[in-house]
Amino acid sequence: MNMSPHAALSAADALALRYGAEQAPTHGPWNEHIALLLSHRSIRGYRPNLLPEGTLETLIAAAQSAATSSNLQTWSVIAVTDPAKKAELAKLANNQKHIEQCPLFLVWVADVSRNQRLGAQERVELETMPYQETFLVAVIDAALAAQNAVVAAESLGLSTVYIGALRNHPQQVAKVVGLPQGAFGVFGMCIGYAAPTAANEVKPRLPQAVVLHHEIYDTAGEPEHRAAYDHLMAAFSARNEMTADTWTKRVINRMSKIAAMSGRDKMVAALHAMGFPLH
Ligand SMILES: Cc1cc2nc3c(=O)[nH]c(=O)nc-3n(C[C@H](O)[C@H](O)[C@H](O)COP(=O)(O)O)c2cc1C
């Protein structure tokens with residue numbers, strides 16, 4: 001595997017990077033696949049170099065190998081390399097420059113339209129189509145497939161970043177990539193070779209004690225664990241020139257005001273218009 005150098009770290013070092021030395025759990029079984037997963041970080045600056053031939057197809061084969069609810073395979077993906085189209089999508093996604101820089105931009109689509117067409121061709125009404133559950137299944141399928149592509153890309157020494165901002169203008173995005181009714185761009189994804197200047201540090205996560213519950217959900221110790229994580233993230237943010245220095249501030253900035261949703265508060269109306277009645 002042509003993995004990132006971080007994937008070569010020992011288990012103890014990789015866990016210390018992910019959680020900070022004080023919060024790192026003791027490790028059990030370990031291998032290079034787990035090391036690769038722990039080395040993940042989003043990259044927001046790309047070199048213009050094209051990907052080797054066949055890379056896209058390999059990534060999609062990895063994506064299609066993900067589990068899919070009832071094997072319904074309710075997702076699609078649009079590969080965008082045309083600079084003009086990437087520029088249009090970048091504009092719709094809050095002008096994120098990496099969308100234009102990366103050689104390959106993927107639009108991951110929750111897609112029930114294919115199965116809808118199947119129903120029409122077979123002259124069978126698919127009664128489950130308009131339900132929220134069907135939409136949820138499609139979103140989950142798309143996300144699982146996309147994450148397999150991320151892992152595959154990183155195993156090849158490539159970098160990625162998800163682009164949720166594509167949901168700021170879901171109907172315009174649908175127009176740009178020609179989505180039919182019943183197809184919704186869940187997020188985009190930049191893929192390419194990291195620019196040397198792109199920040200390259202593994203971002204710490206919450207202590208496991210906060211997210212891992214044994215037998216029953218337990219919030220004991222949550223404020224203390226959050227304080228410890230804030231401390232870790234403040235240092236990370238200072239090193240990486242991030243605006244919100246603690247995780248607490250990050251959550252508050254992102255979740256306390258509707259304006260921070262960048263138009264996504266209108267999502268239900270957009271979905272209705274895009275062929276998802278959400279019964
Ligand atoms: C669904 C989804 C949407 C995201 N959207 C964006 C985005 O629009 N722009 C961006 O720069 N990062 C985006 N990210 C990346 C997250 O900010 C990033 O994963 C998080 O800060 C953790 O950092 P790491 O991936 O480097 O560990 C997104 C991530 C996910 C999972």
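Order of listing sets the numbers, starting from 1, for every ligand and every atom in it.
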Which of the ligand 1 atoms, numbered from 1, are nearer than 4.0 Å to a heavy atom of [X]:
X	value
A165	8 (O)
I163	5 (N), 6 (C), 7 (C), 8 (O), 9 (N)
Q96	7 (C), 8 (O), 9 (N), 10 (C), 11 (O)
S42	15 (C), 18 (C), 19 (O), 24 (P), 25 (O), 26 (O)

- [ ] Have a look at ligand 1 and work out which part of R254, if any, has a heavy atom under 4.0 Å from it: side chain, backbone, both or neither.
- [x]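 Neither part.
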
Open item on the list: For L166, which part has a heavy atom under 4.0 Å from ligand 1: side chain, backbone, both, or neither?
Closed with: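 For L166, no heavy atom sits under 4.0 Å from ligand 1.
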
TODO: Return yes or no for this condition: an N or O of G164 is under 3.5 Å from an N or O of ligand 1.
DONE: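 In this structure, G164 places an N or O atom under 3.5 Å from an N or O of ligand 1.
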
- [ ] Please confirm whether R167 comes within less than 3.5 Å of ligand 1 when only nitrogen or oxygen atoms on both sides are compared.
- [x]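 Checking ligand 1 against R167, no N or O pair falls under 3.5 Å apart.
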
Task: Under-4.0 Å salt bridge between K249 and D245 - done: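 Counted as a salt bridge, because a side-chain N and a carboxylate O are separated by less than 4.0 Å.
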
TODO: Give a yes or no on whether a salt bridge exists between R41 and E201, defined as a side-chain N under 4.0 angstrom from a carboxylate O.
DONE: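 So R41 does not pair with E201 through a salt bridge.
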
- [ ] Mind telling me whether H279 and Y131 have parallel, tilted or perpendicular rings, with 30° and 60° as the class edges?
- [x]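 Aromatic pair Y131/H279 classed perpendicular.
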
Open item on the list: Parallel, tilted or perpendicular: which one describes the rings of F135 and F276, with boundaries at 30° and 60°?
Closed with: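 Correct class here is perpendicular.
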
Without hydrogens or angle criteria, can the side chains of [X] and [Y] be said to hold a donor-acceptor pair below 3.5 Å?
X	Y	result
H40	E154	yes
Y162	Q147	yes
D141	T68	yes
T246	R250	no

Open item on the list: For atom 1 (C) of ligand 1, what's the nearest protein heavy-atom neighbour? Residue, atom name and distance, please.
Closed with: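 It is F187 CD2, 3.9 Å.
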
- [ ] Distance to 0.1 Å, residue and atom name: give those for the protein heavy atom nearest to atom 14 (N) of ligand 1.
- [x]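 Its nearest protein heavy-atom neighbour is Y162 O, 3.5 Å.
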
Open item on the list: Please state which option from R250, K203, R44, R41 has its nearest heavy atom closest to atom 17 (O) of ligand 1.
Closed with: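 Going through R250, K203, R44, R41 one by one, R44 has the nearest heavy atom to atom 17 (O) of ligand 1.
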
